[in-house]
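What follows is a short report on a single structure.
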Amino acid sequence: MLIADGCHVFAGGFTFGVRKVMTVQRQLEVHGLGRKTAESQGLDFIMGEDETFWPDKTPGACMLFGNPRCTGFSCTTAGHDETVHGAWSAPTRDIHQLCAYGVKQEYPVICWESVQQAMSVGRPLLDYLRDKVFVPNGYRIAHLLLNAGTFGNAQHRKRYFFLAYKNDKQFSIAWVI
């Protein structure tokens with residue numbers, strides 16, 4: 001079975017989906033916000049001051065995934081200053097940590113999920129990640145906007161997925177419902 005590591009997953013819904021097709025054994029975090037959820041799912045919870053304190057990736061792990069805080073892009077923070085809302089707001093630190101760790105550890109696939117405004121409010125961050133973090137390190141990028149209603153959810157909730165994958169990999173989607 002394929003192996004994945006979680007990073008800034010918090011509530012755990014993304015982990016449940018990934019676990020349908022991969023083995024997930026641990027969650028990396030700096031906040032402690034997902035400790036109870038991770039431990040209730042039998043995951044090792046590894047907390048560090050920042051990504052430099054996290055251990056090396058799980059041997060054989062082929063994906064790093066996460067659901068970093070989305071409040072920097074969310075409508076709930078619209079109207080606040082740039083420390084709270086926008087591509088460079090404090091909550092986007094989670095995305096920087098996830099991406100820096102993933103590239104340093106050379107995961108073949110790095111994926112994070114957010115609110116749909118990550119594609120608009122977060123565009124400067126997405127461009128930065130593409131140009132300064134991923135492309136120079138041999139990754140390609142895919143942007144996905146999915147509607148939960150497509151998968152049988154009663155809610156029509158659009159979510160943005162940032163997917164970086166090594167240049168030698170091919171990208172295709174297989175829906176697992």
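Numbers here simply count residues along the sequence, with the first being 1. All figures in this text were calculated on a predicted structure; none of them were measured in a lab.
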Review point. Linking Ile, Leu, Val, Met, Phe, Trp and Tyr through side-chain heavy atoms less than 4.5 Å apart, which residues share a cluster with Phe10?
Key: Leu33
Practice item. Search all heavy atoms of Ala61 against all heavy atoms of Pro108 and return the closest pair with its distance. Key: O-CD, 4.1 Å
Review point. Quick one: does Ile141's side chain get under 4.5 Å of Leu163's, heavy atoms only?
Key: no
Exercise for review: List the atom of Cys7, the atom of Trp54, and the distance in Å for their closest heavy-atom pair.
Suggested key: SG-CH2, 3.5 Å
Review point. Which value, rounded to the nearest 0.5 Å, describes the distance between Phe45 atom CZ and Lys36 atom NZ?
Key: 12.0 Å
Exercise for review: Could you tell me whether a side-chain N or O of His143 sits under 3.5 Å from a main-chain N or O of Phe162, the two making a donor and an acceptor?
Suggested key: no
Point to revise | Spacing of NE2 belonging to His80 relative to NE2 belonging to His85, to within rounding of 0.5 Å | key: 9.0 Å
Check your understanding: Are Met119 and Ile95 linked, directly or through other ILVMFWY residues, by side chains that come within less than 4.5 angstrom of each other?
Key -> yes
Check your understanding: How far apart are the closest heavy atoms of Val24 and Gly6, and which atoms are they?
Key -> CG1-N, 4.4 Å
Revision key, fill the gap. With sequence neighbours left out, the residues meeting side-chain hydrogen bond (donor to acceptor under 3.5 Å, both in side chains) with Asn167 are none
Check your understanding: So, are Arg26 and Asp5 salt-bridged, with charged N and O less than 4.0 Å apart?
Key -> yes
Practice item. Would you mind reporting whether Gln41 and Arg19 have side-chain heavy atoms less than 4.5 Å apart? Key: yes
Check your understanding: Just wondering, more than 12 heavy atoms not from Phe53 lying within 6.0 Å of its CZ?
Key -> yes
Check your understanding: Does Ser74 use its side chain to pair, donor to acceptor, with the backbone of Thr71 at less than 3.5 Å?
Key -> no
**Study point:** Exceeds 12 heavy-atom contacts within 6.0 angstrom, atom CD of Glu106
**Key:** no
**Study point:** Shortest non-hydrogen contact between Leu145 and Gln116, atoms and distance
**Key:** CD1-CB, 3.7 Å
**Study point:** Ser114 and Arg159: side chain donor to acceptor below 3.5 Å
**Key:** no
Review point. Are Gln105 and Leu64 side-chain neighbours, meaning at least one heavy-atom pair lies under 4.5 Å?
Key: no
Exercise for review: For Cys111 and Phe161, work out which heavy atoms get closest and say how close.
Suggested key: SG-CD2, 4.0 Å
Review point. Going from OG1 on Thr92 to CD on Gln97, what distance comes out if it is rounded to the nearest 0.5 angstrom?
Key: 10.0 Å
Review point. For the atom pair CG (Asp44) and CD (Gln25), what is the distance rounded to the nearest 0.5 Å?
Key: 7.5 Å
Exercise for review: Could you check if a side-chain atom of Cys62 sits within less than 4.5 angstrom of a side-chain atom of Met22, using non-hydrogen atoms only?
Suggested key: yes
Check your understanding: Say you draw a straight line from CZ of Arg93 to CG of Leu98; how long is it, rounded to the nearest 0.5 Å?
Key -> 13.0 Å
Check your understanding: Going only through I, L, V, M, F, W and Y residues with side-chain contacts under 4.5 Å, is there a path from Ile3 to Ile46?
Key -> no
Review point. Within a radius of less than 6.0 Å around NZ of Lys166, do more than 12 heavy atoms belonging to other residues, nucleotides or ligands occur?
Key: yes
**Study point:** Ser89 vs Thr77 side-chain heavy atoms within contact, under 4.5 Å
**Key:** no
Check your understanding: Do Leu2 and Thr23 come within less than 4.5 Å of each other through their side chains, counting heavy atoms only?
Key -> no
Check your understanding: Are side-chain heavy atoms of His31 and Arg69 found at a separation under 4.5 Å?
Key -> yes
Check your understanding: If only atom types and distance count, is the side chain of Glu29 paired as donor or acceptor with the main-chain N or O of Gly34 below 3.5 Å?
Key -> yes
Practice item. Show the numbers, then the answer: is there a side chain to side chain contact (heavy atoms under 4.5 Å, CB included) between Met63 and Tyr165? Key: CA-CA 9 Å; Met63 183 171 84; Tyr165 56 102; over 6 Å; no
Check your understanding: Between CZ of Phe14 and CD of Gln27, what distance do you get to the nearest 0.5 Å?
Key -> 12.0 Å
Exercise for review: Using the rule that two of Ile, Leu, Val, Met, Phe, Trp, Tyr join whenever any of their side-chain heavy atoms come within less than 4.5 Å, decide whether Leu144 and Val18 are in one cluster.
Suggested key: yes
Point to revise | Side chain to side chain, Val30 and Glu51, heavy atoms closer than 4.5 Å | key: no
Exercise for review: Please say which of Phe65, Tyr101, Tyr160, Tyr107 ends up in a ring pair (Phe, Tyr, Trp, His ring centres under 6.0 Å) with Trp112.
Suggested key: Tyr160
Check your understanding: Just by modelled atom types, is the Val103 backbone N or O under 3.5 Å from a matching donor or acceptor in the Asn137 side chain?
Key -> no
Pairs under 3.5 angstrom only: tabulate donor-acceptor contacts from the side chains of residues 125-136 to other protein residues two or more places apart or in another chain.
{"from": "Asp127", "atom 1": "OD1", "to": "Arg130", "atom 2": "NH1", "distance (Å)": "3.4"}

